[in-house]
Number of protein chains: 2
Amino acid sequence: MNPLEIPEIVIRRLPLYLRTLNLMAAQGQTVTSSQEIGERLGISSTQIRKDLSYFGEFGKQGTGYNIEYLREQLRQILQVSQRWKVALIGAGDLGRAVLRYSGFEEGGFEITAVFDKDEQKIGRQIGKLKVLDIAKLHEVIREQGICIAIIAVPASEAQEVADALVNAGIKAILSYAPLPLRLPSNVQVHYIDPVIGLQSMTYYLSPEQI
Amino acid sequence: MNPLEIPEIVIRRLPLYLRTLNLMAAQGQTVTSSQEIGERLGISSTQIRKDLSYFGEFGKQGTGYNIEYLREQLRQILQVSQRWKVALIGAGDLGRAVLRYSGFEEGGFEITAVFDKDEQKIGRQIGKLKVLDIAKLHEVIREQGICIAIIAVPASEAQEVADALVNAGIKAILSYAPLPLRLPSNVQVHYIDPVIGLQSMTYYLSPEQI
DNA sequence: TAGATTGTTAATCGATTAACAATC
DNA sequence: TAGATTGTTAATCGATTAACAATC
């Protein structure tokens with residue numbers, strides 16, 4: 001029951017369960033089962049029940065899970081009931097796409113500051129936000145009490161940005177830069193690298209398809 | 001030695017090794033060791049040697065691995081020595097960011113066609129490509145002999161697009177839409193969902209940081 | 001040669017799943 | 001009640017790692 005004992009692989013699946021429940025709720029469904037969730041995700045029902053059992057008992061024998069209730073429980077476990085403020089570094093094509101993607105908002109995240117070092121971009125308005133000078137990173141992050149950041153700068157600048165973020169007090173980083181960041185162990189990090197995904201699929205393609 | 005027996009989790013790590021070797025080569029390094037690769041990636045040297053041993057013997061006792069040689073071997077294993085043609089569906093903010101990202105090119109992929117259903121976008125020039133009408137999806141994919149696609153359309157349209165892609169002969173899909181696609185088992189799929197990554201990090205953040 | 005590092009085996013560790021009592 | 005589904009235990013399965021001979 002100590003959170004430290006819960007395998008990370010279990011934590012990584014919880015957002016998938018939450019996302020599935022959100023979709024079901026959006027379609028007006030009120031009750032589901034571990035089997036139904038599993039079918040949607042390609043995961044066994046046993047695994048879903050086992051994963052949830054790390055945190056408590058959320059279902060009823062014979063009937064399954066109340067979707068609204070389980071959603072709220074998962075939101076609380078993942079700490080996404082409240083909205084988190086997020087800083088975005090990089091206002092290039094990728095940064096702008098991140099900024100305009102509505103999924104963050106729905107997932108419990110609000111990008112409240114965007115930074116770039118390019119003078120051409122600084123001061124430019126993107127949606128509700130004005131691009132800030134990266135020189136103000138520390139100041140703004142501290143002022144707003146932000147502890148999550150998204151890195152959307154070129155690989156060559158990512159480590160430097162990460163260092164500045166850690167220095168400003170950031171505790172979780174989502175990085176789109178295709179290289180591993182050197183970070184203190186108390187800072188969470190996840191990477192998004194589409195090329196890695198593609199390259200592990202081409203392994204399975206038959207040679208005649210090239 | 002039968003490819004079918006190699007665990008998928010091993011295949012998923014190979015692109016990381018390749019990426020690391022690429023970075024080393026770019027810095028002019030010519031030789032490395034399993035320990036050095038492991039340190040960069042946060043993976044044990046034993047695991048790297050074990051993973052590579054599924055495919056052959058690529059190193060020399062006492063000296064390690066020739067970077068150029070191991071790179072080329074990994075490229076061949078992953079089938080990314082040749083350039084793959086890729087179709088991109090969706091020319092919104094995300095699609096444009098994907099199109100302008102140079103990492104695909106470097107990873108062995110060339111986006112050779114981009115589609116959208118929005119008449120406002122069809123015909124527009126993005127970099128070297130003109131946005132095509134999604135009605136021409138089947139025709140163009142067959143003509144060009146494309147077998148990999150990237151989905152960058154809203155979640156509500158992703159399944160429909162996926163069905164059309166499968167119908168056109170696509171064998172591998174990278175989807176940015178935050179939901180699981182229903183696909184034939186002979187079609188590879190990988191998902192990119194940044195919110196999932198963020199939500200599994202917030203679990204570990206201490207509540208006072210909210 | 002001595003030191004370094006590989007490739008591989010066997011042991012360990014951890015995750016998944018089968019089975020089932022409990023109960024709605 | 002009978003059927004369905006949960007939560008949990010124990011068994012199985014698979015991945016990681018420790019140890020080491022081989023050898024550059």
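Throughout, a chain's letter reflects where its sequence line sits, starting with A, and its residues are numbered from 1.
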Would you mind listing every side-chain hydrogen bond (donor to acceptor under 3.5 Å, both in side chains) that reaches into residues 149-166 of chain B, with sequence neighbours excluded? Gln159(B)-Asp163(B)

side-chain hydrogen bond (donor to acceptor under 3.5 Å, both in side chains) pairs, two or more places apart, involving residues 165-176 of chain A: none

Between Arg13(A) and Ser34(B), name the one whose nearest nucleotide on DNA chain C is closer to the 5' end.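 Upstream on the strand: Ser34(B).
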
4.5 Å side-chain heavy-atom contact, [X] and [Y]:
X         : Y         : result
Leu174(B) : Met201(A) : yes
Ile67(B)  : Thr30(B)  : no
Phe109(B) : Pro194(A) : no

Taking it one step at a time, do Phe55(B) and Ile6(B) satisfy side chain to side chain contact (heavy atoms under 4.5 Å, CB included)? CA-CA 9 Å; Phe55(B) 304 95; Ile6(B) 297 167; 3.3 Å; yes

With [X] via side chain to side chain contact (heavy atoms under 4.5 Å, CB included) - residues at least two apart:
X         : answer
Gln61(B)  : none
Ala152(B) : Leu88(B), Leu94(B)
Ser33(B)  : Gln35(B), Glu36(B)

Over all atoms of both residues, closest heavy-atom pair of Cys147(A) and Leu205(B):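 Nearest heavy atoms, Cys147(A) then Leu205(B): SG-CD1, 4.3 Å.
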
Where do Ile148(B) and Thr202(A) come nearest, in terms of heavy atoms and distance?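 Closest approach of Ile148(B) to Thr202(A), heavy atoms only: CD1-CG2, 3.8 Å.
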
Any side-chain donor-acceptor pair under 3.5 Å between Ser34(A) and Arg49(A)? yes

Can you pull the salt bridge (Lys or Arg N to Asp or Glu O under 4.0 Å) pairs that have at least one residue in residues 56-78 of chain B, sequence neighbours excluded? Glu68(B)-Arg71(B), Glu72(B)-Arg75(B)

Outermost DNA chain C nucleotides near chain A [under 4.0 Å, heavy atoms]: dA15(C) to dC24(C)

Please list residues of residues 20-30 of chain A whose heavy atoms come under 4.0 Å from any atom in DNA chain D, ordered by number; otherwise none.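 None - not one residue of the stretch has a heavy atom sitting under 4.0 Å from the strand.
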
In residues 40-49 of chain A, what residues come within less than 4.0 Å of DNA chain C, judged by heavy atoms? Ser44(A), Thr46(A), Gln47(A), Arg49(A)

Using a strict heavy-atom distance below 4.0 Å, which residues from residues 58-75 of chain B are in contact with DNA chain C?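 Heavy-atom cutoff 4.0 Å gives Phe58(B), Gly59(B), Lys60(B), Gln61(B), Gly62(B), Thr63(B), Gly64(B), Tyr65(B).
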
List for me each residue that meets ring-ring contact (aromatic ring centres under 6.0 Å, His included) alongside Tyr191(A), sequence neighbours excluded, and say none if there are none.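 Once residues adjacent in sequence are excluded, Tyr191(A) has no partner under the ring-ring contact (aromatic ring centres under 6.0 Å, His included) criterion.
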
More than 12 non-hydrogen atoms from neighbouring residues, nucleotides or ligands closer than 6.0 Å to NZ on Lys85(A), yes or no?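 More than 12 within 6.0 Å, yes.
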
DNA chain D base-pair string [pairs: Watson-Crick or G-U under 3.5 Å; |: paired with another strand]: ..||||||||||||||||||||||

